[in-house]
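What follows is one structure encoded as structure tokens, with my remarks underneath.
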Amino acid sequence: MISGADTAFILISAALVLLMTPGLALFYAGMVRGKNVLGTILQSFIMISVISIEWVYIGYSMAFGPDVAGFVGDLSFFALNGVTSAPSSEYATTIPQTVFMIYQCMFAIITPALITGAIAERMRFGPFLIFSLAWAIVVYNPVCHWVWGSGGWLGARGVLDFAGGLVVHLTSGMAALAAVIVLGPRKGLGRESFIPHSLPMTLLGTGLLWFGWFGFNGGSALAADGIAAGAFVATHLAGMAGMAMWTLVEWIHYKRPTTLGAASGAIAGLATVTPAAGFITPNAAIIIGLIAGFCCYTAVSFKNKIGFDDSLDVVGIHGVGGIIGTICLGIFASKAVNSGGADGLLAGNAAFLGTQIFGVAVVGAYAFIASIILLKITDIICRGLRVKEEDEILGLDQSSHSETAYNM
Amino acid sequence: MISGADTAFILISAALVLLMTPGLALFYAGMVRGKNVLGTILQSFIMISVISIEWVYIGYSMAFGPDVAGFVGDLSFFALNGVTSAPSSEYATTIPQTVFMIYQCMFAIITPALITGAIAERMRFGPFLIFSLAWAIVVYNPVCHWVWGSGGWLGARGVLDFAGGLVVHLTSGMAALAAVIVLGPRKGLGRESFIPHSLPMTLLGTGLLWFGWFGFNGGSALAADGIAAGAFVATHLAGMAGMAMWTLVEWIHYKRPTTLGAASGAIAGLATVTPAAGFITPNAAIIIGLIAGFCCYTAVSFKNKIGFDDSLDVVGIHGVGGIIGTICLGIFASKAVNSGGADGLLAGNAAFLGTQIFGVAVVGAYAFIASIILLKITDIICRGLRVKEEDEILGLDQSSHSETAYNM
Amino acid sequence: MISGADTAFILISAALVLLMTPGLALFYAGMVRGKNVLGTILQSFIMISVISIEWVYIGYSMAFGPDVAGFVGDLSFFALNGVTSAPSSEYATTIPQTVFMIYQCMFAIITPALITGAIAERMRFGPFLIFSLAWAIVVYNPVCHWVWGSGGWLGARGVLDFAGGLVVHLTSGMAALAAVIVLGPRKGLGRESFIPHSLPMTLLGTGLLWFGWFGFNGGSALAADGIAAGAFVATHLAGMAGMAMWTLVEWIHYKRPTTLGAASGAIAGLATVTPAAGFITPNAAIIIGLIAGFCCYTAVSFKNKIGFDDSLDVVGIHGVGGIIGTICLGIFASKAVNSGGADGLLAGNAAFLGTQIFGVAVVGAYAFIASIILLKITDIICRGLRVKEEDEILGLDQSSHSETAYNM
Amino acid sequence: MKKIEAIIKPFKLDNVKEALNELGIKGMTLTEVKGYGRQKGHKEIYRGAEYIVDFIPKVKLELIVAADQVDKVVEIIRQAALTGKIGDGKIFVLPVEQVIRVRTGETGPEAI
Amino acid sequence: MKKIEAIIKPFKLDNVKEALNELGIKGMTLTEVKGYGRQKGHKEIYRGAEYIVDFIPKVKLELIVAADQVDKVVEIIRQAALTGKIGDGKIFVLPVEQVIRVRTGETGPEAI
Amino acid sequence: MKKIEAIIKPFKLDNVKEALNELGIKGMTLTEVKGYGRQKGHKEIYRGAEYIVDFIPKVKLELIVAADQVDKVVEIIRQAALTGKIGDGKIFVLPVEQVIRVRTGETGPEAI
Ligand SMILES: Nc1ncnc2c1ncn2[C@@H]1O[C@H](COP(=O)(O)OP(=O)(O)O)[C@@H](O)[C@H]1O
Ligand SMILES: Nc1ncnc2c1ncn2[C@@H]1O[C@H](COP(=O)(O)OP(=O)(O)O)[C@@H](O)[C@H]1O
Ligand SMILES: Nc1ncnc2c1ncn2[C@@H]1O[C@H](COP(=O)(O)OP(=O)(O)O)[C@@H](O)[C@H]1O
């Protein structure tokens, strides 16, 4: 039966998750150079169009339609056929199915938007659209079905992912890794300074992301109940712990706590706790946040050493965060917190940890390989993924969009 | 009886709609030149004061007070007399009347704020306050009563407007048209480049507006139910379709998809679906969004050709959007979606389309004529609507507010 | 029993209050000079980490744990021990206690963040962290317990504070006063122009704060009911009235209405109505907003005359607002509005006004004295509270954080 | 060759540019500067505090021209920049010893 | 007439402006520039990567003065801009051949 | 002493700076400017309206050098700034009469 409270909660949560995409656009755009601001923003915004269309016509059905062999949903929900204000019989049974559909749509949008941080300042707009559309179909929808779909094979094997550590963060992190490898570094890497053009913009983005994340993780309970509350609390605590840890490590390492470090740590903590949020205690969330702050910092520093041009650290934050978070869930999960979840290592169930690692391996490998292939195909079809060298020097805003971000 | 869920939903929706006014301020301010940023922002913000006061003392009563001849509410709710936490017997009967009152207040605020896009960079602050106050009383309150008020004559004739295609977008679009005619173009139009001073600010505004629009349209169901869900979904889909279409047309037309185009298309889609959101299917919403993107693009291009200085395209986006959306509702409305709505042309009821066109004609004509008259009167009373030429050159920020937006 | 609607409402309200901290960061950062933007932003953001940790381990327990002699909660809720998704028996009995805990956490975070406006552009980061942590323990938690804790002595004497006029605004205002005295003015005060570096940023912050304030005051009803609605309405009306009044006074005084004035008046109105929001009529809220706009304007002008360097006017707005609002509640409170409240002077109960004044005196004196002492101790421990003169000239961003806000 | 530096009101820039264009001047360099002079600054108000801002936004044009063109160019700029009100700006002429075009290595008048 | 170009530390600007004012200097033009010199740049940190920023914000003042005023003006600027620490800046004197006031068309010393 | 003013493409700045560094040039001053020249501006599009932006971002370097160094420095800058494409910029050489170091009061070549 439909609950007004749950409906209200998930509708507002959907709005919050939608807001994360502009938030992400600003978070990323603040970090690029002044000549690539709009190009970066648009890559995120346009995902709202590309993915929403895809989602309405096939994505929702592939992810949550009637199961086909555990691998994908069939297309019986094409164009939202049968998706009405009656609840689904399988998902979120206390809210209209339209609410569930649109809430999930917001997740599908932000996932490829996350990838744009890795390709920033050099990828052509058209090929990116084609790639992201193909990626949604080939990577996002199936993985979403495996993990969250009724009948999905990973879910059936017991893999848990509360709000998208595998489905959102790991897939986008692996796609980012693939994109960095295929695209190669920005011109001038190592010689020029790629200093953020506006950190206040990045911090504004961080604030909006944090705010939206309450809808992302809290709403993933799909009801306004104690699980939602637990996920909400865990989200906040991991975010703050990640921020604390990154800042601290930086302070020790470089004698300076930085604002970008605080923002990065916060996002690391928030991303990392995502798969675990509804299944763990507040104290475990704090520990996960601390681990996230430390590991993502290390990953990003490591990247800097090897000259790997993941422009805005999608691999180091979302990829690593997705892995750590999913594995940490294998350690900290507790049925005492959420009877619908599992017991993890600390509750004496090492097997579940294994299950989670298996989930990471499968999703990570699949997302990486599929992304590489899709990028290569896109490269061939579009005759090149990167903008011309002179356009890269000129900046995407002018060369790809005939605009200038600021005219003060 | 009062429903906690509906109360929570509408309160949060009211907060979302309030946020649209700062969102709009940024959306507009990003598009003006650096010397008019604060003047533009303040015109929107100050509407919160001017209209809220007006609303509490007479506006709410004129719009939703006991009907007088179908034309306007009487003043028995003066100063919120009798507006308590008990539900109204006629509107939103599951929430405190205070909630309904404040939710509607947010609509009344943003409507005149929308007009400021047309008068940007040249209107005096004082006369604008006087005009907007008079306009709220003479245009907004009556039209709101006609369409939404119990006993309002247009509503009684069957005209439908889910969340303000007529009441908000058409009235403000027509006022904008009037203002552009009365005020005349900005100095230098056609010779100087009126390039947006900060597109990231406009995109931030777009994000906040989109987010807020879920409260605007979703909340207009006045309950956290399936209608709200349908309106929420339609809003999102029309927004994304409008963004897709505008970007696409631009891409074909100018070989460049632009960020401002994406933002403009999104707002066009969101505005256009407003009257229809709760009465149509998701597929209809997508079509409406596509039509909006195309028609508003065309309208704006046309404006550029005729040298009509609607600075930030209020007519082309909100005026045109309000008209198209209201008429499209006449085509796509379906009782299967919302039994409280109507069947439109496609459901075999051509009469309803006629009714909608009638609504557009009446509201459009009334808003336009009344706006012209009010502007002329304000002009006489205040001895001029425009700032002095030298002040226009200097910019509103310095000449009208003794401030500078940026001091880096 | 747990209500889904109340749970949804308070969770979303908690998210709204969290958003106020980034909102405040931007509100403040817009007003500082370009070289102190990030330092200012970080001081607010980092409170999310510092205070959340403190809150989880001891703060919540000190504030809302079992009462010890009316003065403070004991530590039996250490590390959220016993704080589960079951409701508390004493607070917010219709929502999970975790929800109440995290909602209150957001208040604890923003309170010391408010202080940063007074110390802007000159305090060292490390000592500020130490001070704020100590201050949370010594000032915030006890005062919170006195006023809102079950058994708290001020609450027991009948002192009312709906959403934090005493607990949040007065305490932070007094701490600000102490900090201004102890730290001394910024180098160059009176000679150089401390002109805001980006007013659009401040206005964006204002918008986010206003939006979040609906969660702050509305949510303080701890249920989605008529009281929440009343608080929501009062909040909006006081904010708009404060904005109207400040702008008007400035217009008369300086012949110019300013954007910063509008923002300041709005915040003054919102802060001032905070203690009263759920206990008064809409008309009283408007009067309170008008008083706030006038008094805070006067306080700030007075500060300018005496050369007191409360950089961003925490004393003049939050301190004065907290005092006025709490006292106004003594005048305007009405049991007809909220039977759980009190009758004030206008309802014939002068005693309650006395009680409120007593509350102001006690909390104000305690917060001021304790803040002075804590600052002095921090000064000694850290060997100085202020950055070196050359670092102040260089700016906090570079000297304390090795970053630059803008690199266009 | 001479260098002409003209400090003008920003909103006159388009005018000046067009006038120079008509004269066949093909190159110039523009800098946003702030001017201090007889034209009084303005008052700004921030929370009841008044600040005098006495540096006013101006635009500085720099052009290298052949010596024999100086008078004509100066006059054209003056006319195009003129409003007749205080603060219209100044034009300075400085000697230049050499000009080199980076792209071609040309020097002297050809390089302009 | 001479052109004095002084590159100074930004926070000394008010000081210099006042000193010049007292001397009766009524006009000048200011540009925000970045300096590179003996004063070392600073390190910035972005996500664990260190960048050396070796261009330091400076302010460039340009004043045209009568030839006989040059020494006095230079000395005044020097004193007002002095901190004694590295990076205090430089003052250059260049010859000027002509000055024109846009508003009036005056030329030469009157135009300053 | 001479003043060299070089207007170059912004992305060549690092290159030029390094080249000058190698030559032992220790000081220079940089300004963000906008150039107008043979290099055509670009088109911008805002809601279906096209604008021609014909001022292109450039960087202006100013260096004071001893007279005997001018040719070498000019050549180094030219090489380091060269892309061979239109818009590479110009280098101007102007006479300087005096240089003063604010910090020490040194004048002439020592002060550079
Ligand atoms: N002696 C000077 N040296 C350099 N720039 C000057 C000088 N005098 C004036 N200027 C520049 O010329 C601008 C206009 O000068 P001002 O005295 O205000 O008006 P006017 O030129 O009409 O007398 C100033 O803002 C400043 O930029
Ligand atoms: N040769 C030069 N040409 C042009 N500008 C210079 C030159 N040398 C120094 N400058 C400018 O002067 C500023 C101060 O010079 P610097 O060598 O750092 O310190 P100091 O003048 O105290 O020796 C530099 O930042 C730069 O802007
Ligand atoms: N006569 C001039 N005076 C001052 N600056 C000039 C002049 N001509 C060109 N410039 C500057 O040099 C830049 C490059 O000139 P341009 O004509 O575009 O290309 P190129 O130098 O390759 O012929 C211009 O953008 C402008 O800043």
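Every chain is numbered from 1 and lettered A, B, ... according to where its sequence line falls, protein lines coming before strand lines.
The aromatic ring centroids of A/F125 and B/W251 lie less than 6.0 Å from each other.
Side-chain contact check for B/L199 versus A/V37: every heavy-atom pair is 4.5 Å or farther apart. Proximity of A/L16 to B/F211: side-chain heavy atoms (C-beta onward) are separated by under 4.5 Å at one or more points. The shortest distance between side-chain heavy atoms of B/W210 and A/I48 falls below 4.5 Å. Within the 4.5 Å cutoff, the side chain of B/L208 has heavy atoms near those of the A/L19 side chain. Looking at heavy atoms from C-beta onward, B/L204 lies in side-chain contact with A/L204 at the 4.5 angstrom threshold. The shortest side-chain heavy-atom distance between B/Y406 and A/M408 falls under the 4.5 Å cut-off. Side chains of B/P200 and A/I41 form a contact here, defined as non-hydrogen atoms less than 4.5 Å apart. By the 4.5 Å heavy-atom criterion applied to side chains, A/M106 and B/H236 are counted as neighbours.
The contact between A/L26 and chain B is made entirely by side chain atoms (from C-beta outward), counting heavy-atom distances below 4.5 Å. For A/F9, no part lies near chain B; criterion is any non-hydrogen pair under 4.5 Å. Looking at B/D6, there are no atoms closer than 4.5 Å to chain A (heavy atoms on both sides), in backbone or side chain. At a 4.5 Å heavy-atom cutoff, the contact between A/I53 and chain B is made by backbone and side-chain atoms alike. Heavy-atom distances place no part of A/A224 under 4.5 Å from chain B, backbone and side chain included. Contacts between A/I51 and chain B at a heavy-atom distance below 4.5 Å are absent for every atom of the residue. Only the side chain of A/L80 comes within contact range of chain B, judged by heavy atoms closer than 4.5 Å. Heavy atoms of A/T84 lying under 4.5 Å from chain B are absent altogether. Contacts between A/A29 and chain B at a heavy-atom distance below 4.5 Å are absent for every atom of the residue. With a 4.5 angstrom heavy-atom cutoff, A/L129 touches chain B only via side-chain atoms. In this structure, the portion of A/S399 lying under 4.5 Å from any heavy atom of chain B is its backbone and not its side chain. Both the backbone and the side chain of A/S402 come within contact range of chain B, with heavy atoms under 4.5 Å apart. Neither the backbone nor the side chain of B/I10 comes within less than 4.5 Å of any heavy atom of chain A.
Interatomic distance, CD of A/E403 versus OG1 of B/T258, reported as 4.0 Å (0.5 Å rounding). A distance of 10.5 Å separates CD1 in A/I12 from CG in B/L11, rounded to the nearest 0.5 Å. Rounding to the nearest 0.5 angstrom, the gap separating the CG atom in B/L203 from the CZ atom in A/F45 is 4.5 Å.
The candidate with the highest count of non-hydrogen atom pairs below 4.5 Å against chain B, out of A/A15, A/G4, A/G39, A/G23, is A/A15. Among B/G207, B/P257, B/A262, the residue making the largest number of heavy-atom pairs under 4.5 Å with chain A is B/P257. When each of A/A8, A/P22, A/S3 is scored by its heavy-atom pairs under 4.5 Å with chain B, the top score falls to A/A8. Chosen from A/V99, A/L38, A/D397, A/T98, the residue pairing most often with chain B at heavy-atom distances under 4.5 Å is A/L38. Between chain B and the residues A/G126, A/S400, A/A14, A/A25, the most heavy-atom pairs under 4.5 angstrom are made by A/S400. Counting heavy-atom pairs closer than 4.5 Å to chain B, the top residue among A/A5, A/A405, A/S85 is A/A405.
A side-chain donor-acceptor contact under 3.5 Å links A/N407 to the backbone of B/P196. Using a distance-only test at 3.5 Å, with no hydrogens or angles considered, a donor-acceptor pair links the side chain of A/S49 to the main chain of B/M240.
Closest non-hydrogen pair, B/G226 versus A/P96, comes out as CA-CG, 4.2 Å.
Heavy-atom neighbours of chain A within the stretch residues 281-294 of chain B, taken at a separation under 4.5 angstrom, comprise B/P282, B/N283, B/I286.
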Could you walk me through whether B/I195 and A/T404 pass the side chain to side chain contact (heavy atoms under 4.5 Å, CB included) test, one step at a time?
-> CA-CA 9 Å; B/I195 289 185; A/T404 309; 5.9 Å; no
Side chain to side chain contact (heavy atoms under 4.5 Å, CB included) between B/F232 and A/I102, intermediate numbers included = CA-CA 8 Å; B/F232 187 110; A/I102 201 73; 3.9 Å; yes
